[in-house]
Amino acid sequence: MSNQELQARYGHVMMNAFGAPKRVFVEGRGVHVRDADGREYTDLLAGLAVLGLGHAHPAVTRAVTTQLDTLGHISNLYASEPQIRLAERLAAALGDPSARVFFSNSGSEANETAFKLTRLTGRTKIVAMEGSFHGRTSAALAITHNPKYREPFEPLPGDVVFVPYGDVAALEAVVDDETAAVVLEVLQGENGVVPAPDGHVQAARRLTEAHGALLWIDEVQTGIGRCGALFAHHAEGVTPDLVTVAKGLGNGFPVGACLATGRASDFFQPGMHGTTFGGNPVAAAAGNAVLDVLEDGLLEHVTETGDWLAGEIEGLGHPLVDHVRGRGLLRGVVLTADIAPAVAESALDAGFIINAPRPGVLRLAPPLIITRDELRPFVDALPALLDRHG
Ligand SMILES: *Cc1c(COP(=O)(O)O)cnc(C)c1O
């Protein structure tokens with residue numbers, strides 16, 4: 001069946017939450033995917049910062065199929081070794097001996113877990129950032145700034161205050177002894193790959209500590225190697241109380257986690273929270289396979305390749321490119337005009353999957369295994385793609 005036939009079937013049966021799909025894909029290998037009409041694309045978005053190891057990575061396929069064939073699911077009334085091992089590895093990567101893990105199936109659910117933990121401080125006020133994105137479940141939405149996402153579903157879980165991202169004075173003015181938590185991203189991916197200004201994360205750590213509040217860092221997009229480290233906040237030199245991850249953890253197999261340190265790691269008692277699927281043996285096997293590959297030298301490659309890519313794009317000297325921001329292989333190409341959606345559309349027609357999180361920003365989040373040779377055709381094609389809309 002062709003793209004067109006499948007798009008029509010989609011339109012008849014799927015809820016219209018995502019708009020009409022631009023393509024229907026049938027196969028993926030490494031950094032490439034093929035659509036229903038047989039056209040090839042270079043995937044520079046990696047399923048929204050998910051496929052760190054690329055499509056159909058043999059280590060993940062082997063781990064998932066072997067685990068499914070050995071012990072696929074058991075419920076969280078029981079435990080499995082892969083789950084325990086993945087939790088141990090995530091806790092060790094966080095670098096705090098008190099770290100404890102709760103597994104989920106998505107980023108939103110990881111944040112839902114963290115949100116519930118903040119309520120167990122005995123306080124309710126949460127300070128979140130303007131420009132934030134934390135997911136679509138009710139609690140995740142309550143701390144997500146974009147009113148377009150939030151307002152149709154109000155009232156949402158309450159007592160959330162938003163402050164401008166990076167405004168330390170505003171943070172100082174609202175964080176007080178009633179504050180349960182401050183939640184932030186080290187880089188706001190959905191907001192157009194906006195890095196926290198220098199000192200912002202440290203200020204949030206200092207203020208939460210001074211007022212007995214939790215520091216909660218959402219690493220759903222930035223974590224698991226995307227920014228060149230297992231956790232992007234490591235570069236900020238802080239230890240958060242809560243960390244959430246998901247996207248890159250299972251390389252496409254749905255798995256997320258909420259990590260807690262210190263007193264927050266002991267808040268949940270039996271019966272307070274739960275999940276049927278979260279951290280099941282297959283999901284855990286996928287996570288372990290991803291960490292195996294990441295720890296085998298891939299992180300240095302992410303940093304080097306990301307810096308090279310940013311330098312190449314800025315080096316084009318194109319008048320429509322203002323600058324490239326971000327870290328590792330999470331990059332925003334900041335344009336001088338609001339043409340990003342049109343450029344992303346033209347890129348797709350030219351065989352490159354990218355997206356436009358903001359009207360003036362293109363996002364690149366390719367598989368972490370991508371090479372310079374595989375990125376080169378996009379860099380070469382970019383000037384003409386921009387000129388078409390300039
Ligand atoms: C994608 C994302 C989420 C939501 O994750 P889902 O798996 O879509 O629920 C939460 N926080 C951040 C920073 C994200 O990028």
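First listed ligand is number 1; within each ligand, the first listed atom is number 1. Side-chain atoms are counted along with the backbone in the values below, which use heavy atoms only and exclude waters and symmetry mates.
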For Asp349, all residues meeting side chain to side chain contact (heavy atoms under 4.5 Å, CB included), sequence neighbours excluded: Arg23
Amino acids in close contact with ligand 1, where any non-hydrogen atom sits under 4.0 angstrom away: Ser106, Gly107, Ser108, Asn111, Phe133, His134, Gly135, Glu185, Asp218, Val220, Gln221, Lys247
Contact check, side chains of Asp218 and Val245, non-hydrogen atoms, under 4.5 Å: no
Side chain proximity check, Gln83 to Phe103, heavy atoms < 4.5 angstrom: yes
Set of side chain to side chain contact (heavy atoms under 4.5 Å, CB included) partners for Val290, sequence neighbours left out: Leu53, Val60, Ile224, Asn251, Leu294
Less than 3.5 Å apart, which donor and acceptor atoms pair up between the side chains of residues 193-205 and the rest of the protein, not counting sequence neighbours?
unit_1, atom_1, unit_2, atom_2, d
His200, ND1, Gly166, N, 3.4
Gln202, NE2, Glu236, O, 3.0
Arg205, NH1, Thr239, O, 2.6
Arg205, NH1, Asp241, OD2, 3.2
Arg205, NH2, Thr208, OG1, 3.2
Arg205, NH2, Asp241, OD2, 2.8

Candidate pair Val321 and Val333, rule side chain to side chain contact (heavy atoms under 4.5 Å, CB included), full reasoning: CA-CA 7 Å; Val321 176; Val333 182; 4.0 Å; yes
